[in-house]
*Asks:* 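Here it is, the structure, as structure tokens.
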There are 2 protein chains.
Amino acid sequence: MALSAALLAAAGELTQRIHEGVVARGFEGLRPAHGFAFARLAPGGATVTELGAHLGMTKQGASQLVDEIVRRGYAERRPHPDDARARLIVLTERGRDCTRAAEESAAEAVAAWAELLGEGEVRALRDGLLRIAPYGPIRPAW
Amino acid sequence: MALSAALLAAAGELTQRIHEGVVARGFEGLRPAHGFAFARLAPGGATVTELGAHLGMTKQGASQLVDEIVRRGYAERRPHPDDARARLIVLTERGRDCTRAAEESAAEAVAAWAELLGEGEVRALRDGLLRIAPYGPIRPAW
DNA sequence: CCATATAGTCAAGTAGCTTGACCACTTTGG
DNA sequence: CCAAAGTGGTCAAGCTACTTGACTATATGG
């Protein structure tokens with residue numbers, strides 16, 4: 001098995017585990033894509049257009065995604081402090097709870113790997129991946 | 001940035017690069033999901049049901065995907081040698097060319113990483129990921 | 001042989017996007 | 001200061017890649 005196949009398989013596995021962990025902690029009706037939205041919203045919120053750029057989709061698509069998470073109580077639309085056209089999307093308390101749940105699930109998955117590989121090798125993995133992965137908009141893995 | 005985020009970002013980046021490489025080599029109208037189908041079909045073909053299980057979708061969904069790649073000349077449906085109900089989906093010559101193009105693109109991306117990390121570290125990355133990634137059906141990364 | 005299971009397809013429905021049109025507000029520059 | 005162009009957001013319609021449900025053809029096990 002090649003590096004590329006292993007990487008994609010590991011990413012798929014991780015996504016699945018995070019999602020299962022989030023559901024197990026009582027947050028339903030969410031898809032993995034929402035997690036990336038939450039991550040972008042968590043530090044201070046974002047506009048719909050910024051969110052769309054981050055997720056690699058149109059602002060209309062992002063707006064629909066925001067509709068969903070607002071309807072489920074994870075976020076809310078506030079007037080933007082500096083621009084009357086814009087709205088600042090911010091997480092609610094429930095949204096922050098859910099974000100923490102996702103972080104815990106991710107940490108759990110990584111901890112399971114640490115048992116297989118050992119702490120040192122996990123750190124090496126992390127460092128290698130960090131040097132590979134560029135910052136920027138999220139891309140769907142497939 | 002955490003390991004999990006780096007892993008997902010690297011996987012997204014890789015998928016994007018493979019896809020770009022495949023397009024650059026003249027194979028259009030394909031999505032990343034098709035690559036996983038090709039990988040399953042390459043060694044001796046598979047039935048629609050097997051393909052669906054591998055891709056984590058229903059047999060109807062897999063059948064529609066097969067319709068597409070057959071229409072574009074990448075695969076063909078043959079009678080199954082042992083079971084008159086079933087059909088064996090096999091890659092055409094063009095399908096095998098496309099599979100090779102994808103492998104080349106993946107190798108190119110990995111080679112670029114090797115320049116950043118060095119051969120040894122890439123091998124370490126590969127080994128670590130292989131010990132993490134289980135075999136089994138493909139899961140969408142999100 | 002007959003009952004049940006399995007492979008595949010057809011048809012209709014759905015979710016999650018896209019594109020296009022539009023309004024509200026902001027920025028730019030003469 | 002104001003007109004023109006740009007930007008943020010939404011609404012509506014359409015599309016695509018799936019899903020579920022129903023069905024036919026073949027296989028399998030008692």
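Below, each value reflects all heavy atoms present in this structure, side chains not excepted, and no hydrogens, waters or symmetry copies.
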*Asks:* If the threshold is 4.0 Å, N to carboxylate O, is there a salt bridge linking A:R96 and A:E93?
*Replies:* yes
*Asks:* Can you tell me if the side-chain N/O atoms of B:R31 get under 4.0 Å from OP1 or OP2 in D:dC18?
*Replies:*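 For B:R31, the contact criterion (side-chain N or O under 4.0 Å from OP1 or OP2 of D:dC18) is met.
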*Asks:* Find the distance A:L51:CG to C:dC17:P and express it as a whole number of Å.
*Replies:* 11 Å
*Asks:* With nearest nucleotides of DNA chain D determined for B:E68 and A:D67 from heavy-atom distances, which residue corresponds to the more 5′ nucleotide?
*Replies:* A:D67
*Asks:* Rounded to whole angstroms, how far apart are CG on B:L88 and C1' on C:dA7?
*Replies:* 13 Å
*Asks:* What is the distance, to the nearest angstrom, from the CG atom on A:L65 to the C1' atom on D:dG9?
*Replies:*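 Taking atom C1' of D:dG9 as the reference, CG of A:L65 is at 15 Å.
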*Asks:* Measure NE2/A:H80 against C1'/C:dA24 and give the value in whole Å, please.
*Replies:*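 It is 16 Å, rounded to the nearest whole Å.
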*Asks:* CZ of B:R78 versus P of C:dG8: gap in Å, rounded?
*Replies:* 15 Å
*Asks:* Measure from the side-chain N and O atoms of A:T99 to the backbone N and O of A:F38, and report whether any donor-acceptor pair falls under 3.5 Å.
*Replies:* no
*Asks:* Strictly by salt bridge (Lys or Arg N to Asp or Glu O under 4.0 Å), give each pair with a member in residues 111-125 of chain A just once, sequence neighbours left out.
*Replies:*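 Pairs touching residues 111-125 of chain A that pass the test: A:E121-B:R131.
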*Asks:* What is the distance, rounded to the nearest whole Å, between atom CG of A:D82 and atom C1' of C:dT27?
*Replies:*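 One finds 15 Å between C1' of C:dT27 and CG of A:D82, rounded.
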*Asks:* To the nearest Å, give me how far apart CZ (A:R71) and P (C:dA15) are.
*Replies:*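 After rounding, the reported distance stands at 11 Å.
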*Asks:* Is A:E13 salt-bridged to A:R17, cutoff N-O under 4.0 Å?
*Replies:* yes
*Asks:* Look at A:D97 together with A:R94 and state whether they make a salt bridge at an N to O cut-off of under 4.0 Å.
*Replies:* no
*Asks:* Please tabulate, one pair per line, each protein N/O and nucleotide N/O from nucleotides 28-30 of chain D that are separated by under 3.5 Å, including the distance.
*Replies:*
none

*Asks:* For D:dT10, does either OP1 or OP2 sit under 4.0 Å from a side-chain N or O belonging to A:S63?
*Replies:* yes
*Asks:* For the pair made of CE in A:M57 and C1' in D:dG8, what is the distance, rounded to whole Å?
*Replies:*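 A:M57 atom CE is separated from D:dG8 atom C1' by 17 Å.
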*Asks:* What pairs of nitrogen or oxygen atoms, one from the protein and one from nucleotides 19-22 of chain C, lie under 3.5 Å apart?
*Replies:*
{"unit_1": "C:dG20", "atom_1": "O6", "unit_2": "A:Q60", "atom_2": "NE2", "d": "2.7"}

*Asks:* State, to the nearest 10°, the angle formed by the axis through the first five base pairs of the helix from C:dC1-D:dG30 to C:dG30-D:dC1 and the axis through its last five.
*Replies:*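 Between the axes fitted at each end of the helix from C:dC1-D:dG30 to C:dG30-D:dC1 lies an angle of 30°.
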*Asks:* Calculate, to the nearest 0.5 Å, the distance between atoms NE2 and CD belonging to B:H34 and B:E68 respectively.
*Replies:* 4.0 Å
*Asks:* Of the candidate nucleotides D:dG8, C:dT9, D:dT10, which contains the atom at the shortest distance from the side chain of B:R87?
*Replies:*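 From the listed options, C:dT9 comes nearest.
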*Asks:* Would one find a side-chain N or O of A:T47 under 4.0 angstrom from OP1 or OP2 of D:dG9?
*Replies:*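 Yes, within the criterion.
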*Asks:* Could you list the residues that satisfy ring pair (Phe, Tyr, Trp, His ring centres under 6.0 Å) with A:F27, not counting sequence neighbours?
*Replies:*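 None.
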*Asks:* Test of understanding: with side chain to side chain contact (heavy atoms under 4.5 Å, CB included), list the residues that count as partners of A:R77, not counting sequence neighbours.
*Replies:* A:S63, A:V66, A:D67, A:V70, A:R87, A:I89
